[in-house]
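What follows is one structure encoded as structure tokens, with my remarks underneath.
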Amino acid sequence: MSENKRFLISGAGLVGLLIAQAFKARNIDFVIFDRDIDVHYRENAGWAITLHWALENFKSLLPPDLVEQIYAAQVLPGFHEKDTGKFIYINAASGDPVVSIPPSKRLRVRREQIRRMLLSGIDVQWNCKLDNIDTTNSQVTVTCSDGTVFTGDVLIGCDGANSMTRRIICPENGQLYQLPVRFCGSRVKMTKAETDQIAADFDPLLFQGTVPENNTFFWFSMLATPEYTQEEDVYYAQVNLSWNVPDYDEPFVTNVDKTEAMKVHSQGLNPKLKWLVDRAVEDPDTILEINLCDWPVVEWPHQTQVLLAGDAAHAMTMFRGEAGNHGITDAFELMKHIDEYLAGRKTWEVAAKDFCSGIKARAAPAVLLSRQACLDAHNFSKIRPDTDSPLLSMRKNTK
Ligand SMILES: Cc1cc2nc3c(=O)[nH]c(=O)nc-3n(C[C@H](O)[C@H](O)[C@H](O)COP(=O)(O)OP(=O)(O)OC[C@H]3O[C@@H](n4cnc5c(N)ncnc54)[C@H](O)[C@@H]3O)c2cc1C
Ligand SMILES: *[C@@H]1O[C@H](CO)[C@@H](O)[C@H](O)[C@H]1NC(C)=O
Ligand SMILES: *[C@@H]1O[C@H](CO)[C@@H](O)[C@H](O)[C@H]1NC(C)=O
Ligand SMILES: *[C@@H]1O[C@H](CO)[C@@H](O)[C@H](O)[C@H]1NC(C)=O
């Protein structure tokens, strides 16, 4: 018989909450805590993510009433029923498509809405920022910066790309690798007429491109329509701009630094796109610099007492849109091994080791493919129909 374990989950993001839902469904003893001060703190973290190859595993971990809400979180309502499927990569100076390929089955959803859905029925301990881990006895003890202490048998670090859990248990090699690229993203308000024009010229959902002369990368994707904004003629899109910075040192400090850089680097864009960046810089508060970093190690000590999952285990850049899909797969695989442990088919040591070797084999190569995709997105010579770049290969379903 397997002994009942108590799990501590650090981080109530996509992956931590998904694991919490699966634990709840199995009556497993757990506590989940997050550094955010309360549930509303990240309500407007306006990103969208694409669920593709992990969609079925995602659904399998949730109760049926929550599964329906995934479809309601789509950036374009009902899009999954009419995805006419085209994934285009353009020359961002001329506006002409360079590569146009059928996408894999996909669901483009608002991340904040998915997180809200995953929170239902889960009691998160907010305002608990993990700050110390003690694994010296048979238990794991976590101390938060406000002094709160949690004790359990296993800690699952789901605390994101910059994971404190990872940095504590891997003092030597837990830090992120910085890519030589600077990235700024912004949420842009649009009208219906403007949205329709973009859809007619490029694509209704998302597209990306590179300026050949200096390899500036441009990304457009829809975020919300009036069905979600509840305001007539109010649409939102995500506009990202990124460029090579061989000697990247520090993130921008002020809004002026960000807007000036975006102005300079939008110069080569086709006028049908450049106005989107012009609008973004009018509202500097919406501009966010994202540090392009990754962690290809995907291996850590104390594996029977501390596990990592999601971005904490395999931080990667978003140029293949895969990180969330890997995080969901981590949760799915973890539950598979835990179910075998609970059924008495594996000892805890074997279940934990199997999870760790599986995640390393799957995610370490994925981190490096995303790194290459990021570099290639800023190198126009790699954007060709016959390319073997991982920037475009997954879209062709060759994973
Ligand atoms: C701009 C952008 C676009 C993306 N697009 C896609 C996409 O199209 N497709 C895709 O598959 N993936 C995409 N991703 C990645 C995807 O969003 C992440 O992989 C996913 O959200 C990771 O979930 P997570 O639970 O591991 O981490 P997160 O969602 O980052 O959650 C981590 C949680 O841990 C908490 N936390 C942090 N530190 C502590 C601490 N010390 N103590 C307690 N709590 C802590 C945080 O508050 C947070 O709630 C994108 C990411 C970004 C940034
Ligand atoms: C740009 O921003 C969107 C947010 O909608 C995000 O999903 C996407 O991954 C980003 N893409 C890249 C390659 O920068
Ligand atoms: C990029 O190239 C375009 C076209 O040659 C040019 O107009 C623009 O100024 C360049 N931008 C940068 C940052 O070099
Ligand atoms: C683009 O890729 C080519 C071929 O690998 C390489 O020689 C070149 O230096 C790269 N350019 C940039 C800007 O990275």
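Numbering of ligands and ligand atoms starts at 1, following listing order.
Heavy atoms of Asp131 found under 4.0 angstrom from ligand 1: none, in either backbone or side chain.
A donor-acceptor pair is defined here as one N or O able to donate and one able to accept, closer than 3.5 Å; no such pair exists between the side chain of Arg371 and the backbone of Met316. With hydrogens and angles ignored, the 3.5 Å screen pairs no side-chain donor or acceptor of Trp300 with any backbone N or O of Thr165. A donor-acceptor contact shorter than 3.5 Å links the side chain of Lys360 to the backbone of Val297. The closest donor-acceptor contact from the side chain of Gln74 to the backbone of Tyr71 lies under 3.5 Å.
Close contacts between ligand 4 and Ser381 involve ligand atoms 1 (C), 2 (O) [criterion: under 4.0 Å to a heavy atom]. For ligand 1, the atoms lying closer than 4.0 Å to a non-hydrogen atom of Cys158 are 32 (C), 33 (C), 34 (O). In the vicinity of Met164, heavy-atom distances shorter than 4.0 Å reach the ligand 1 atoms 41 (N). For ligand 3, the atoms closer than 4.0 angstrom to any heavy atom of His265 are 13 (C). Ligand 1 places these atoms under 4.0 Å from at least one heavy atom of Thr50: 7 (C), 8 (O), 9 (N), 11 (O). Less than 4.0 angstrom separates some heavy atom of Cys128 from each of these atoms of ligand 1: 42 (N), 43 (C). The ligand atoms of ligand 1 that sit less than 4.0 angstrom from a heavy atom of Ile290 are 1 (C), 53 (C). Ligand-side atoms of ligand 1 in range of Arg111: 17 (O), 21 (O), 29 (O), 30 (O), 51 (C), 52 (C), 53 (C), range being under 4.0 angstrom from any heavy atom. Interface atoms of ligand 1 facing Arg108, defined by a heavy-atom separation under 4.0 Å, are 8 (O). With ligand atoms numbered from 1 in the order given, ligand 1 contributes 27 (O), 30 (O), 32 (C) to contacts under 4.0 Å with heavy atoms of Gly160. Counting atoms of ligand 3 from 1 in the listed order, those under 4.0 Å from a heavy atom of Gln267 are 8 (C), 9 (O).
Note that Arg182 lies in the cation-pi zone of Phe252, set by a 6.0 Å cut-off to the ring centre and a 45° limit from the axis.
The closest side-chain donor-acceptor pair between Glu231 and Thr229, if any, does not fall under 3.5 angstrom. Between the side chains of Gln125 and Asp34, not a single donor N or O lies within less than 3.5 Å of an accepting N or O.
If you check which protein heavy atom lies closest to atom 5 (O) of ligand 3, you get Glu213 CG, 3.4 Å. The nearest heavy-atom contact from the protein to atom 13 (C) of ligand 4 is Asn215 ND2, 3.6 Å. Counting only heavy atoms of the protein, atom 3 (C) of ligand 3 lies nearest to Gly268 CA, 3.5 Å. Ranking protein heavy atoms by distance to atom 4 (C) of ligand 4, first place goes to Lys382 CE, 4.0 Å.
Between the choices Ala312, Ala323, Ser370, Ala309, the shortest heavy-atom distance to atom 15 (C) of ligand 1 belongs to Ala323. Evaluated by nearest non-hydrogen atom to atom 8 (C) of ligand 4, the leading choice among Asn379, Leu375, Asn244 is Asn379. Summarising the contacts of atom 40 (C) of ligand 1 with Ile328, Leu130, Leu288, Val124, the nearest heavy atom is found in Leu130.
Residue contact annotation: Arg115 has a non-hydrogen atom under 4.0 Å from ligand 1. Heavy atoms of Gly185 come nearer than 4.0 angstrom to ligand 1 in no pair at all. Not close to ligand 1: His326, with no non-hydrogen atom less than 4.0 angstrom away. In this structure, Ala54 has no heavy atom closer than 4.0 Å to ligand 1.
A salt bridge between Glu282 and Arg279 is absent, with no side-chain N of the basic residue lying under 4.0 Å from a carboxylate O of the acidic one. One finds a salt bridge joining Glu260 and Lys263 here, because a Lys/Arg side-chain nitrogen approaches an Asp/Glu carboxylate oxygen to under 4.0 Å. Between Asp354 and Lys336 there is no salt bridge, since no side-chain nitrogen of the basic residue lies less than 4.0 Å from a carboxylate oxygen of the acidic one. No salt bridge links Asp339 with Arg345; every basic N to acidic carboxylate O contact stays at or beyond 4.0 Å. Under the 4.0 Å criterion applied to side-chain N and carboxylate O atoms, Asp294 and Arg320 are not assigned as salt-bridge partners.
Taking CG of Leu391 as the reference point, atom CD of Gln208 lies at 6.0 Å (rounded to 0.5 Å).
Geometrically, ligand 1 and Lys129 share no nitrogen or oxygen pair separated by less than 3.5 Å. Between Gly310 and ligand 1, no pair of N/O atoms sits closer than 3.5 Å. Taking any N or O of Val15, backbone or side chain, at least one lies under 3.5 Å from an N or O belonging to ligand 1. Where the criterion is an N or O separation shorter than 3.5 Å, residue side chain and backbone included, Ala161 fails it with respect to ligand 1. Every N/O-N/O distance between Ile49 and ligand 1 stays at or above 3.5 Å. Considering backbone and side-chain N/O atoms, Asn214 comes within less than 3.5 Å of an N/O atom of ligand 3.
Here Trp53 and Phe332 keep their ring centres 6.0 angstrom or further from each other. For Phe183 and His378, the distance between ring centers is not under 6.0 angstrom.
The shortest distance between side-chain heavy atoms of Asn291 and Tyr248 falls below 4.5 Å.
Note: Phe202 and Phe207 have parallel aromatic rings, judged against thresholds of 30 and 60 degrees for the angle between ring planes.
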